[in-house]
Protein chains: 2
Amino acid sequence: MSKVNIKQLAKELNLSISTVSRALRDSYEISADTKKKVFALAKQLNYQPNPNASGLRGQKTKTIAVVIPEMVNDFFSLVIGGIEKVTQEQGYYLLFYFTHGDYELEVSFINTLANGRVDGVLLSMSRENNDNSHLLELTKNGIPLVLFDRVSDNLDSVKVTSDNYESAVTATRHLIDAGCKKIAYLQVHKNISIGKIRMNGYLDALQGSTQQHPLIVECSNENEETFETIEKMLVEERPDGIFASVEKLAVICYRVCEKINLRIPRDIKIISFSNLQTASLLNPSLTTITQPAFDMGEAAAKELLNIINKKSKSASKDKHVILKSLLMKRKSTSI
Amino acid sequence: MSKVNIKQLAKELNLSISTVSRALRDSYEISADTKKKVFALAKQLNYQPNPNASGLRGQKTKTIAVVIPEMVNDFFSLVIGGIEKVTQEQGYYLLFYFTHGDYELEVSFINTLANGRVDGVLLSMSRENNDNSHLLELTKNGIPLVLFDRVSDNLDSVKVTSDNYESAVTATRHLIDAGCKKIAYLQVHKNISIGKIRMNGYLDALQGSTQQHPLIVECSNENEETFETIEKMLVEERPDGIFASVEKLAVICYRVCEKINLRIPRDIKIISFSNLQTASLLNPSLTTITQPAFDMGEAAAKELLNIINKKSKSASKDKHVILKSLLMKRKSTSI
DNA sequence: CTGTTAGCGCGTTCAG
DNA sequence: CTGAACGCGCTAACAG
């Protein structure tokens with residue numbers, strides 16, 4: 001344990017502890033000469049202020065918590081990239097927690113944060129439309145909270161999302177414009193709001209432009225089951241367009257098409273909410289509605305740091321930042 | 001700021017601070033009755049011990065740092081899953097840091113950790129064969145370190161890796177057994193040790209089994225450039241087998257084959273180091289050597305917690321855990 | 001079984 | 001310009 005603290009610096013330099021402390025914080029009441037000496041020794045010994053001590057004293061830790069459902073997921077990986085870029089610039093540390101979509105875990109972790117472990121929290125909810133009292137409690141304890149992607153309307157924290165409704169409309173119109181006469185919508189998590197919002201975009205786009213009837217296919221989290229559901233639907237209904245609400249469904253759909261010899265995009269056109277990474281691996285590559293994941297991370301982190309630093313709680317309450325998604329066509333795709 | 005602390009609990013219950021503290025820690029010298037009362041109130045008020053205070057006092061934070069090159073990468077995502085599983089069970093927090101392969105960033109972050117911010121560090125190195133003095137300094141300060149995946153031989157910390165050499169041999173033999181007469185090896189990062197080790201496996205397997213000459217293709221980080229390099233090689237050399245040292249190269253290779261009408265696996269067979277996620281998206285799906293990423297995370301975290309809890313520094317010094325990779329063939333692949 | 005006290009390292013008052 | 005002293009919240013040693 002050769003850890004260096006202020007005391008040792010003081011002894012070494014024949015100064016008092018408080019002088020050293022002040023010098024390190026570049027206080028105006030310390031002579032340039034003394035400061036120079038202190039800085040030199042601090043650097044030489046790699047002095048690092050004890051974060052527990054300063055956290056205890058000043059009630060700030062330069063740490064923010066990031067609570068997300070999971071990590072093995074390109075979307076959240078990209079979001080984290082954005083968060084990290086912003087926070088790193090300002091010297092913040094990142095405490096991560098993965099809820100695996102488990103509400104109980106989210107609650108217990110958030111409760112754990114009540115007492116000065118972090119300066120703020122970035123959260124994408126594990127489930128929605130639930131009891132949010134743990135989050136209310138958190139903000140009541142003076143810890144700022146910013147929600148992103150999976151947010152809840154009955155919380156007046158700052159929110160950052162992408163334009164799920166508008167982009168679902170865009171995606172559906174894209175299929176219509178490409179000549180599709182019967183467009184199926186592949187749906188999961190029908191009870192989470194982001195799912196509903198996307199579906200509404202699909203429904204409204206259909207209604208607005210043509211006489212098409214909606215064809216909504218409820219899928220599950222079980223890949224095998226979903227495969228069969230989709231296969232059955234394709235055979236029986238013979239749609240010529242597919243709009244997948246999440247990437248995984250599009251991938252399964254590709255597999256089904258292979259099996260039953262439907263050629264993409266000639267026989268059937270597919271579009272999906274998805275990120276960039278995996279979409280271009282498919283053949284032909286998948287046209288997607290891509291959320292600005294990195295930007296979302298950046299935006300959420302910036303909002304949070306604003307609240308933390310400027311304490312402008314009142315100004316930004318109930319603010320909702322909405323980022324624009326992109327329709328992405330890739331080479332070798334012609335839909 | 002309505003944060004609850006021990007003092008408030010004590011006042012509310014007409015007990016002394018230390019009695020409450022002991023009750024919360026379930027000390028044997030507190031009556032069952034008192035404990036019950038304390039627990040009840042603590043739960044009611046959602047009392048959470050201030051981590052800065054206990055960290056300052058006891059020199060432990062229940063936090064470990066995870067330092068990795070990047071996040072947008074299935075391999076590290078999976079590793080983190082393993083780390084998280086183990087640490088969550090024991091109530092540890094995870095502080096993340098991404099070096100983006102930048103050695104300077106790694107150094108500055110590690111230095112920051114010298115003074116009681118975390119109880120231990122899990123690290124996958126940003127670069128290798130460099131000056132490791134920052135890591136030595138860290139362990140000298142009494143903070144345990146476990147290296148995984150990208151490790152350095154001139155550090156006597158515990159290391160966890162997968163069997164890169166053996167699995168490269170296996171992969172090469174697999175192509176040979178499948179009848180390949182001319183196998184090319186796609187290489188990047190020739191100067192990092194993990195790259196060298198894999199290449200040696202390829203070279204030795206070739207030498208051991210047949211009269212084949214090695215065909216090593218140096219690729220860059222530039223996708224466009226690499227695409228052209230591989231295309232040129234395929235046209236000029238006409239190999240019937242490809243061993244890609246990283247997944248991205250295999251993907252590019254697929255694209256090149258499409259362009260110049262080489263059918264996989266009939267004309268050319270491809271195998272690659274890769275994880276599971278993206279490999280099955282390709283068509284035909286890619287046969288891979290898959291590192292046990294999740295297991296690696298688990299193993300590394302377990303080793304670290306062992307050191308932290310048992311303080312068995314001496315016993316585990318210079319230990320090297322090597323996990324076995326898996327050769328994975330997937331449906332619709334016939335090589 | 002319970003209360004009193006001291007100190008972890010730092011930053012900020014209050015004195016010079 | 002510098003030093004002494006206090007307290008952030010918690011735990012452990014020392015009483016009783």
Side-chain angles (χ1 to χ4, degrees), chain A residues 1-39 41-42 45-63 112-119 141-142, chain B residues 1-39 41-42 45-63 112-119 141-142:
Chain A
M1 295 286 185
S2 67
K3 289 171 192 168
V4 188
N5 59 21
I6 278 195
K7 212 165 160 184
Q8 289 168 46
L9 294 184
K11 202 163 76 181
E12 193 102 5
L13 291 164
N14 279 320
L15 290 169
S16 81
I17 292 176
S18 59
T19 302
V20 176
S21 172
R22 271 181 285 229
L24 290 170
R25 316 203 74 237
D26 205 18
S27 161
Y28 67 96
E29 37 186 7
I30 300 292
S31 73
D33 198 43
T34 307
K35 277 184 195 171
K36 203 184 249 178
K37 274 189 247 170
V38 173
F39 280 130
L41 187 65
L45 300 182
N46 183 35
Y47 165 77
Q48 298 291 144
N50 184 314
N52 289 316
S54 37
L56 184 56
R57 185 89 231 300
Q59 313 292 5
K60 53 187 138 43
T61 57
K62 278 273 181 186
T63 304
T112 257
L113 258 30
N115 223 323
R117 186 179 295 278
V118 297
D119 296 345
N141 278 359
Chain B
M1 297 281 186
S2 67
K3 288 172 191 168
V4 188
N5 60 20
I6 276 196
K7 212 165 162 184
Q8 291 168 44
L9 293 184
K11 201 162 79 178
E12 193 102 6
L13 292 164
N14 280 318
L15 288 170
S16 81
I17 292 177
S18 61
T19 301
V20 175
S21 171
R22 271 180 289 226
L24 289 169
R25 315 204 78 237
D26 206 15
S27 161
Y28 67 96
E29 37 185 8
I30 300 292
S31 76
D33 199 45
T34 307
K35 278 184 193 169
K36 205 185 252 177
K37 274 188 250 171
V38 172
F39 281 130
L41 188 64
L45 300 182
N46 184 34
Y47 165 76
Q48 297 292 145
N50 184 313
N52 289 317
S54 38
L56 182 57
R57 188 83 233 300
Q59 314 290 3
K60 52 189 141 41
T61 58
K62 278 276 181 181
T63 304
T112 257
L113 259 28
N115 223 325
R117 187 179 294 277
V118 297
D119 296 345
N141 279 358

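Since we're looking at a predicted model, the values are computed, not measured. Residue numbers start from 1 in every chain, and the chains themselves are labelled A, B, ... in the order their sequence lines are given, proteins ahead of strands.
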Could you please name the option among D:dT2, D:dC10, C:dC10 that lies closest to any side-chain atom of B:N50? D:dC10
Without decimals, in angstroms, what is the distance between B:K35 NZ and C:dC1 P? 9 Å
Ignoring hydrogens and angles, answer whether the base of D:dG3 and the side-chain atoms of A:S18 contain a donor-acceptor pair closer than 3.5 Å. yes
Flag side-chain contact, heavy atom, 4.5 Å: A:L24 against A:K35: no
Over all strands shown, is A:S21 touching base, sugar-phosphate only, or nothing at heavy-atom distances under 4.0 angstrom? base
Heavy-atom side-chain proximity of A:Y47 to A:I6 below 4.5 angstrom: yes
Whole Å only: how far is the CG atom of A:N52 from the C1' atom of C:dC10? 11 Å
Just to be sure I understand the rule, does A:I17 reach a base, reach only the sugar-phosphate, or reach nothing, if contact means heavy atoms closer than 4.0 Å? nothing
Indicate whether OP1 or OP2 belonging to C:dT4 is found under 4.0 Å from a side-chain N or O atom of B:S16. no
Is the shortest side-chain heavy-atom distance between A:N46 and A:V4 below 4.5 Å? no
Heavy atoms under 4.0 Å, any strand shown: does A:R22 hit a base, just sugar-phosphate, or nothing? base
Among D:dT2, D:dT11, C:dC10, the one nearest A:Y47 by side-chain distance: C:dC10
Any donor-acceptor N/O pair, A:T63 side chain to A:T61 backbone, under 3.5 Å: yes
Of the candidate nucleotides C:dC1, C:dC10, D:dG9, which contains the atom at the shortest distance from the side chain of B:A53? D:dG9
May I have the distance from B:K60 (atom NZ) to D:dA12 (atom C1'), rounded to whole angstrom? 11 Å
So B:L56, base contact, sugar-phosphate only, or nothing? Heavy-atom distance under 4.0 Å. base
